[in-house]
Amino acid sequence: MDLSGSHVLEAPVETIWKMILDPETLARITPGISQLELESEDNYKAIAEVKIGPVKGRFEGTAQIVDKSEHESLTLKVQQNSKIGNVAADVFMKMEPAEEGKTRLSFDGKANVSGLLARTGGRVMTGVANTLTKQFFDNFEAELKRD
């Protein structure tokens, strides 16, 4: 499943970069995340509970940040496992200055799913991915207003 999109956030690149690398902030803005622990530099243990179509799953696994280019880009490598299936994703994230102190955050990647998740169907999975992406950016905007 391909993942891509972009959103303009109301803060400069430096602020967005700092928030994405902060595990507490990332846990608050990422939908479904119930636990995100920094295990070592750029390596996280993550637990998420996500409803996908008619099924709900508790996912446990890792997230790793690689290929960091400060204030410009990074790649997030995610490996999550659950009773309803597994997800492995690589997502490239790019941050660019936008007008008047804003930042365009773009992402492009691919997620491979297996198990019941794979049998759920592309239409359902794409709908869930779009919903989670919208929630992520809504939460990000709310977090920016919080500070």
Side-chain angles (χ1 to χ4, degrees), residues 1-96 98 102-118 120 122 124-147:
M1 176 173 64
D2 294 327
L3 307 167
S4 65
S6 70
H7 188 84
V8 175
L9 295 162
E10 303 272 339
V13 170
E14 295 79 9
T15 300
I16 302 303
W17 178 261
K18 184 178 176 184
M19 291 174 74
I20 286 178
L21 295 181
D22 179 57
E24 291 179 16
T25 301
L26 197 56
R28 281 195 299 270
I29 64 176
T30 304
I33 292 286
S34 59
Q35 185 178 345
L36 186 67
E37 294 177 15
L38 183 64
E39 292 192 314
S40 63
E41 185 175 350
D42 297 333
N43 291 292
Y44 302 88
K45 177 182 176 186
I47 298 175
E49 295 185 24
V50 180
K51 187 172 185 325
I52 301 170
V55 295
K56 185 175 181 179
R58 175 184 166 92
F59 295 84
E60 295 186 21
T62 60
Q64 179 183 29
I65 295 174
V66 298
D67 300 329
K68 284 193 305 189
S69 179
E70 189 169 345
H71 300 150
E72 291 180 12
S73 64
L74 59 85
T75 297
L76 183 62
K77 297 175 88 60
V78 176
Q79 177 67 51
Q80 293 285 291
N81 304 309
S82 76
K83 291 179 180 175
I84 62 170
N86 303 321
V87 178
D90 287 356
V91 180
F92 175 75
M93 300 175 78
K94 183 176 182 181
M95 286 146 261
E96 302 172 283
K102 298 178 183 177
T103 300
R104 176 174 304 281
L105 177 60
S106 304
F107 64 95
D108 187 33
K110 189 169 186 78
N112 294 312
V113 297
S114 63
L116 180 59
L117 291 176
T120 301
V124 172
M125 292 297 294
T126 299
V128 170
N130 290 338
T131 299
L132 294 176
T133 299
K134 183 180 181 326
Q135 288 175 355
F136 173 80
F137 284 119
D138 288 349
N139 293 346
F140 211 138
E141 288 178 351
E143 187 73 16
L144 285 167
K145 291 176 183 170
R146 189 180 126 179
D147 291 332

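In this chain, residues are counted from 1 in sequence order. Bear in mind the structure is a predicted one, so any value in this text is a computation, not a measurement. Basis for what follows: all heavy atoms, side chains included, without hydrogens, waters or symmetry-related copies.
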Looking at [X] and [Y], what are the two nearest heavy atoms and their distance?
X      : Y     : result
Leu76  : Val78 : CG-CG2, 3.8 Å
Glu141 : Leu9  : CG-CD2, 3.9 Å
Asn139 : Arg28 : ND2-O, 4.2 Å
Pro23  : Leu38 : CG-CB, 4.1 Å
Leu21  : Lys68 : CD2-CD, 4.3 Å

Under a 4.5 Å cut-off applied to non-hydrogen side-chain atoms, are [X] and [Y] in contact?
X      : Y      : answer
Asn112 : Lys110 : yes
Gln35  : Glu37  : yes
Thr133 : Thr131 : no
Val8   : Thr103 : no
Leu132 : Phe136 : no
Phe140 : Glu10  : no
Leu74  : Asp42  : no

Working to the nearest 0.5 angstrom, can you tell me the gap between [X] [atom1] and [Y] [atom2]?
X     : Y      : atom1 : atom2 : answer
Met95 : Ser69  : CE    : OG    : 9.0 Å
Ile29 : Arg146 : CD1   : CZ    : 11.0 Å
His71 : Lys18  : NE2   : NZ    : 10.0 Å

Using the salt bridge (charged side-chain N to carboxylate O under 4.0 Å, His left out) criterion, which residues pair with [X]? Sequence neighbours excluded.
X      : value
Asp138 : Lys134
Asp108 : none
Glu39  : none

Just list the side-chain donor-acceptor pairs under 3.5 Å for residues 56-67, sequence neighbours left out, or say none.
{"unit_1": "Arg58", "atom_1": "NE", "unit_2": "Glu60", "atom_2": "OE2", "d": "3.2"}
{"unit_1": "Arg58", "atom_1": "NH1", "unit_2": "Glu49", "atom_2": "OE2", "d": "3.4"}
{"unit_1": "Gln64", "atom_1": "NE2", "unit_2": "Asn43", "atom_2": "OD1", "d": "3.4"}

Please list every donor-acceptor pair under 3.5 Å in which a side-chain atom of residues 82-94 meets a protein atom from a residue at least two apart or in another chain.
{"unit_1": "Ser82", "atom_1": "OG", "unit_2": "Ile84", "atom_2": "N", "d": "3.1"}
{"unit_1": "Ser82", "atom_1": "OG", "unit_2": "Gly85", "atom_2": "N", "d": "3.3"}
{"unit_1": "Ser82", "atom_1": "OG", "unit_2": "Gly85", "atom_2": "O", "d": "2.8"}
{"unit_1": "Asn86", "atom_1": "OD1", "unit_2": "Ser82", "atom_2": "N", "d": "3.4"}
{"unit_1": "Asp90", "atom_1": "OD1", "unit_2": "Lys77", "atom_2": "NZ", "d": "3.4"}
{"unit_1": "Asp90", "atom_1": "OD2", "unit_2": "Lys77", "atom_2": "NZ", "d": "3.0"}

For Phe137, ring pair (Phe, Tyr, Trp, His ring centres under 6.0 Å) partners two or more places apart: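 Partners of Phe137 by the ring pair (Phe, Tyr, Trp, His ring centres under 6.0 Å) criterion, ordered by chain and then number, come out as His7.
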